[in-house]
Amino acid sequence: SHSDSCHFSKHLRREHGPATILRPGSPRRRRLRLRERAREREAEREAEAARAVEREQEIDRWRVKCVQEVEEKKREQELKAAADGVLSEVRKKQADTKRMVDILRALEKLRKLRKEAAARKGVCPPASADETFTHHLQRLRKLIKKRSELYEAEERALRVMLEGEQEEERKRELEKKQRKEKEKILLQKREIESKLFGDPDEFPLAHLLEPFRQYYLQAEHSLPALIQIRHDWDQYLVPSDHPKGNFVPQGWVLPPLPSNDIWATAVKLH
């Protein structure tokens, strides 16, 4: 009955409260929309702050790396300079030993000439004098030879160390060159991918082009996908002398430039 319906409606309002319907232009709907926008702005600010922190950390890492490279290069130069100084000193000692050998040879020749001149005058030195001179001469020559061998060993050790340092330097230069080449290739790859899929900084992973990106890059992360793609390419194999034959492209095939002004308005040129 009508009274029962009224009683049921009153009971329903007491249990669940009045029903609320948000009209499109209602103040509450506007407040919810403003709160949602405020949350989005706050999330964007937090994301930007996180990106700024990451950039600062990356700059700090780069700065520390540069300082370490400079210090390492400075230590290497100091070590090389010290080794060069020691090598120069060793060479000076070797030159001294050679000069001493020449002096002994000159003394031996001078004594022989004086002995011959004395013999022409009838003066003959005793045999003991010749033995003493020969004994001292041999003793000095053995000492000089021992010193010369020691200096040669030092020179060989220093040369090995310097050659090792030079080899390490060449290796580091090669690694540096390879690292620059790799960075250059990665930069070119990012530029090409940004043209194909959009700038990753401007378009996050949730962008609508991300599924296409994942599809076209699946061979880089999945061996079965790589085999399947290669199989699809191999279906079109032709002999090398085929007039319409062509090589499989090594990279992305970039789209051509816009053919007219209308199409150019829909393309963001880099």
Side-chain angles (χ1 to χ4, degrees), residues 36-69 72-73 167-270:
E36 183 65 25
R37 291 178 180 176
R39 283 194 295 267
E40 291 177 356
R41 287 193 296 269
E42 182 65 23
E44 180 63 27
R45 283 194 295 269
E46 292 177 356
E48 180 61 28
R51 287 192 293 269
V53 171
E54 179 63 26
R55 286 194 295 269
E56 289 293 332
Q57 292 176 351
E58 185 175 356
I59 292 173
D60 291 339
R61 289 192 294 267
W62 174 79
R63 186 184 297 112
V64 171
K65 183 180 177 181
C66 291
V67 171
Q68 291 176 349
E69 290 179 353
E72 183 179 356
K73 191 171 183 179
E167 182 64 26
E168 288 293 329
E169 181 67 22
R170 286 192 294 268
K171 185 178 179 181
R172 282 190 291 270
E173 289 294 330
L174 179 61
E175 291 177 351
K176 185 178 180 180
K177 182 178 179 181
Q178 292 175 347
R179 187 165 55 252
K180 287 184 177 179
E181 290 293 332
K182 185 177 180 180
E183 292 175 354
K184 182 179 178 182
I185 293 174
L186 290 176
L187 180 60
Q188 292 175 350
K189 182 179 178 182
R190 283 196 294 268
E191 290 178 352
I192 292 175
E193 291 183 358
S194 66
K195 294 179 181 179
L196 295 172
F197 306 109
D199 190 351
D201 295 331
E202 183 178 355
F203 302 109
L205 296 179
H207 188 259
L208 58 90
L209 290 179
E210 182 59 21
F212 299 95
R213 177 188 178 89
Q214 294 177 355
Y215 173 76
Y216 286 111
L217 298 179
Q218 59 181 322
E220 297 184 3
H221 309 285
S222 172
L223 181 60
L226 174 62
I227 295 174
Q228 180 62 39
I229 293 173
R230 184 67 212 192
H231 173 71
D232 294 340
W233 276 104
D234 292 344
Q235 292 179 356
Y236 300 95
L237 287 177
V238 295
S240 58
D241 57 351
H242 194 279
K244 293 186 178 181
N246 199 353
F247 290 103
V248 176
Q250 298 296 320
W252 292 105
V253 179
L254 294 176
L257 296 175
S259 57
N260 54 58
D261 297 337
I262 298 177
W263 171 237
T265 58
V267 178
K268 181 180 179 181
L269 297 178
H270 294 269

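Heavy-atom basis, side chains included; hydrogens, waters and symmetry copies ignored.
Applying the salt bridge (Lys or Arg N to Asp or Glu O under 4.0 Å) criterion to R41, with sequence neighbours excluded, gives no partner residue. Residues forming a side-chain contact (heavy atoms from CB on, under 4.5 Å) with D261 (at least two apart in sequence, or on another chain): none. Listed by chain and residue number, R51 satisfy the side-chain contact (heavy atoms from CB on, under 4.5 Å) test with E44 (two or more places apart in sequence, or in another chain). Listed by chain and number, the residues in a salt bridge (Lys or Arg N to Asp or Glu O under 4.0 Å) with R179 amount to none (sequence neighbours excluded). Every residue meeting the salt bridge (Lys or Arg N to Asp or Glu O under 4.0 Å) condition with D234, not counting sequence neighbours, appears here in chain and number order: R230. In this view, E56 satisfies the salt bridge (Lys or Arg N to Asp or Glu O under 4.0 Å) rule with no residue, not counting sequence neighbours. Take E168 and apply the side chain to side chain donor-acceptor pair (under 3.5 Å) test, not counting sequence neighbours, and it matches no residue. Applying the side chain to side chain donor-acceptor pair (under 3.5 Å) test to E72 and every residue at least two apart in sequence or in another chain returns nothing. With sequence neighbours left out, the side-chain contact (heavy atoms from CB on, under 4.5 Å) criterion links I229 to Q218, A219, W233. With sequence neighbours excluded, the residues that form a side chain to side chain donor-acceptor pair (under 3.5 Å) with H231 are Q235. In this view, E46 and E42 satisfy the side-chain contact (heavy atoms from CB on, under 4.5 Å) rule, not counting sequence neighbours.
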Show me the donor-acceptor pairs, under 3.5 Å and distance only, between side chains in residues 58-69 and residues at least two apart or in other chains.
{"residue": "D60", "atom": "OD1", "partner": "R63", "partner atom": "NH1", "Å": "2.8"}
{"residue": "R61", "atom": "NH2", "partner": "E54", "partner atom": "OE2", "Å": "3.4"}

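If you take CD on E40 and CD on E36, they are separated by 5.0 Å, rounding to the nearest 0.5 Å. Atom CG in L226 sits 12.0 Å away from atom NE2 in H221 (nearest 0.5 Å).
We find that R172 and E175 are not joined by a salt bridge, their nearest charged nitrogen and carboxylate oxygen being 4.0 Å or further apart. The existence of a salt bridge linking R55 and E48 is confirmed by a sub-4.0 Å separation between a basic side-chain nitrogen and an acidic carboxylate oxygen.
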Audit row: E220, K189, salt bridge (charged side-chain N to carboxylate O under 4.0 Å, His left out) steps and yes/no: CA-CA 13 Å; E220 297 184 3; K189 182 179 178 182; 3.4 Å; yes

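Other residues, nucleotides and ligands contribute over 12 non-hydrogen atoms within 6.0 Å of the CZ atom of R39.
No side-chain heavy atom of E181 sits less than 4.5 Å from a side-chain heavy atom of Q178.
The residue from R170, K177, E169 that alone fulfils the side chain to side chain contact (heavy atoms under 4.5 Å, CB included) condition with E173 is E169.
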